[in-house]
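The structure appears below as structure tokens.
Counting convention: from 1, in listed order, for ligands and their atoms alike.
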Amino acid sequence: MMTRDEIDIKQYIDEQLEKQGVVILPEMEAKESMQLITYLGYKPAMTMLDPWYNRGVGGVREDYVPYILEIIDNIKDNTDHFFLWGFPEIAAKFVDRVNKPLAFVTWITWFFKNCPSVVRGWRSSQQACLHFATATAKMYPENFFNAQQEIRFENNNMRFVPGPNSVIEEPLLVGFCGKKEQTGHPSQKPEKVYEKLLLMSSKRGDLIYDPMAGSGTTGAVCKTHNRKCILSDISDEYLTLAENRLGVKRIPVDILEYFLVTV
Ligand SMILES: C[S@@+](CC[C@H](N)C(=O)[O-])C[C@H]1O[C@@H](n2cnc3c(N)ncnc32)[C@H](O)[C@@H]1O
């Protein structure tokens with residue numbers, strides 16, 4: 001049973017969500033963040049997980065795949081849609097391994113031609129995003145309709161409902177590409193890429209969650225499309241980038257700790 005103070009933190013986050021749309025939690029591990037979200041009873045329509053690539057912040061882990069699967073287990077019962085990012089050779093390892101009630105829906109490819117890599121060999125030009133969802137999760141292809149299609153859909157006069165393609169072509173944020181969007185985060189995703197995932201899996205007012213939020217791309221797209229959003233990340237530095245980008249201060253860690261003290 002939740003204590004009085006625990007109910008307060010939920011109220012506090014709810015008020016912040018109403019007021020500013022985006023809530024940034026203090027820096028914390030993704031698993032811890034998911035446990036908190038679950039404990040407070042939040043059920044995000046969509047959860048975005050864009051993990052570090054086994055180098056940089058997050059470090060190098062021998063047990064990378066089981067570790068990410070363990071993280072996912074902490075949110076699997078509470079979200080309708082779940083997107084997992086990775087390079088194709090990493091993403092492939094997860095296709096059949098995410099636990100129920102989530103089930104694999106589709107493999108999405110983000111294709112870009114402007115990779116600045118000078119490594120001799122194949123030039124990387126894609127990243128993968130795996131879509132998982134529960135059996136009852138709703139999809140929103142109507143978010144992509146043009147005016148004519150909207151009318152046909154409303155009149156029940158559409159034999160095939162077209163959704164977006166599972167290949168998204170957008171340049172990497174590098175050099176002059178997406179210059180205004182760049183925050184300095186080393187693996188920031190373009191908003192245009194996240195936008196499609198968001199529109200396919202949610203409607204206005206829905207709650208979206210990203211526990212490895214980096215520079216806050218998920219939050220930026222949620223603001224544009226009127227979704228509520230909870231973000232966290234393990235890095236103080238990257239959360240500062242997200243704060244500046246979204247114009248939202250994170251919840252101070254002492255407030256969170258104060259509220260979560262059991263009375
Ligand atoms: C690929 S980046 C996410 C980039 C983000 N999608 C964006 O567009 O800015 C991965 C993020 O995971 C964070 N991270 C690494 N290990 C983590 C962990 N155990 N828990 C939470 N966040 C972690 C890193 O700090 C990094 O910001």
Side-chain angles (χ1 to χ4, degrees), residues 22-38 44 46-75 82-91 94 108 110 112 115 124 126-131 168 170-174 177-198 208-225 227 229-246 248 250-251 253 256:
V22 177
V23 163
I24 305 180
L25 298 175
E27 59 269 31
M28 65 174 83
E29 225 275 318
K31 200 160 64 178
E32 206 181 303
S33 167
M34 286 174 169
Q35 283 165 354
L36 177 67
I37 291 296
T38 302
M46 185 264 266
T47 299
M48 183 79 84
L49 195 71
D50 180 17
W52 82 108
Y53 304 119
N54 222 10
R55 59 173 187 260
V57 173
V60 180
R61 298 186 66 113
E62 287 292 318
D63 62 342
Y64 183 80
V65 172
Y67 180 69
I68 297 289
L69 287 168
E70 190 191 327
I71 289 181
I72 299 170
D73 270 346
N74 288 282
I75 196 71
F82 177 73
F83 290 102
L84 177 65
W85 280 94
F87 288 104
E89 60 276 23
I90 299 174
F94 292 92
I108 298 161
W110 168 32
F112 46 84
C115 178
S124 182
Q126 58 175 308
Q127 278 193 37
C129 176
L130 306 185
H131 179 199
I168 302 171
E170 285 295 332
L172 279 175
L173 299 177
V174 64
C177 286
K179 203 161 180 52
K180 282 200 198 132
E181 221 176 293
Q182 289 173 30
T183 62
H185 189 287
S187 43
Q188 183 183 335
K189 295 278 183 308
E191 289 175 23
K192 282 270 174 239
V193 173
Y194 271 22
E195 196 168 58
K196 294 177 182 60
L197 310 179
L198 184 91
I208 310 296
Y209 172 51
D210 185 342
M212 291 192 180
S215 66
T217 306
T218 301
V221 177
C222 283
K223 279 185 94 166
T224 305
H225 293 283
R227 272 65 167 167
C229 183
I230 301 179
L231 305 175
S232 61
D233 195 282
I234 206 170
S235 160
D236 168 51
E237 182 191 343
Y238 295 158
L239 284 182
T240 305
L241 294 180
E243 287 176 326
N244 293 337
R245 180 179 190 180
L246 302 168
V248 170
R250 80 191 81 163
I251 295 178
V253 72
L256 194 68

Next on the checklist: Set out, in order, the CA-CA distance, both residues' side-chain angles and the distance that settles side chain to side chain donor-acceptor pair (under 3.5 Å) for Thr218 and Tyr209, then state yes or no.
Outcome noted: CA-CA 8 Å; Thr218 301; Tyr209 172 51; over 6 Å; no
Is the contact between [X] and ligand 1 made by the side chain, the backbone, both, or neither, using heavy atoms and a 4.0 Å cut-off?
{"X": "Glu29", "result": "both"}
{"X": "Tyr238", "result": "side chain"}
{"X": "Tyr194", "result": "side chain"}
{"X": "Met28", "result": "backbone"}
{"X": "Pro51", "result": "backbone"}

Next on the checklist: Both conditions, 6.0 Å and 45 degrees, for the charged tip of Lys189 above the ring of Trp110: are they met here?
Outcome noted: no
For [atom], which of the options [options] provides the nearest non-hydrogen atom?
{"atom": "atom 5 (C) of ligand 1", "options": "Ala30, Pro211, Ala213", "value": "Ala213"}
{"atom": "atom 26 (C) of ligand 1", "options": "Leu239, Leu49, Ile68, Asp233", "value": "Asp233"}
{"atom": "atom 14 (N) of ligand 1", "options": "Asp236, Ile234, Thr183, Leu241", "value": "Ile234"}

Item to check | His185: partners by ring pair (Phe, Tyr, Trp, His ring centres under 6.0 Å), with sequence neighbours left out | outcome: Tyr238
Checklist entry - Which atom pair, heavy atoms only, marks the closest approach of Ser124 to Phe112? => result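 So the minimum-distance heavy-atom pair works out to O-CE1, 3.6 Å.
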Checklist entry - How far apart are the closest heavy atoms of Met48 and Pro211, and which atoms are they? => result O-CD, 3.3 Å
Item to check | Trace of the side chain to side chain contact (heavy atoms under 4.5 Å, CB included) decision for Leu198 with Cys222 | outcome: CA-CA 8 Å; Leu198 184 91; Cys222 283; 3.8 Å; yes
Item to check | Partner set under salt bridge (Lys or Arg N to Asp or Glu O under 4.0 Å) for Glu195, not counting sequence neighbours | outcome: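 If we apply the salt bridge (Lys or Arg N to Asp or Glu O under 4.0 Å) test to Glu195, skipping adjacent residues, the hits are Lys192.
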I need the atoms of ligand 1 closer than 4.0 Å to a non-hydrogen atom of [X], numbered in the order shown.
{"X": "Lys189", "value": "7 (C), 8 (O)"}
{"X": "Thr217", "value": "7 (C), 8 (O), 9 (O)"}
{"X": "Ser187", "value": "1 (C), 2 (S), 4 (C)"}
{"X": "Ser235", "value": "25 (O)"}
{"X": "Ser215", "value": "7 (C), 8 (O), 9 (O)"}
{"X": "Asp50", "value": "1 (C), 2 (S), 3 (C), 4 (C), 5 (C), 6 (N), 10 (C)"}

Checklist entry - Can we say Arg250 and Asp236 salt-bridge, meaning some charged N sits less than 4.0 Å from an Asp/Glu carboxylate O? => result yes
Item to check | Lys31 side-chain N/O to Glu70 backbone N/O, donor-acceptor pair under 3.5 Å | outcome: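 Such a contact is absent between Lys31 side chain and Glu70 backbone.
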Checklist entry - Taking atom types as modelled and ignoring hydrogens, do the side chains of Glu191 and Thr217 form a donor-acceptor contact shorter than 3.5 angstrom? => result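 No, no side-chain donor-acceptor contact under 3.5 Å.
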Next on the checklist: Evaluate Asp210 for polar contact with ligand 1, using N/O atom pairs at a separation under 3.5 Å.
Outcome noted: no
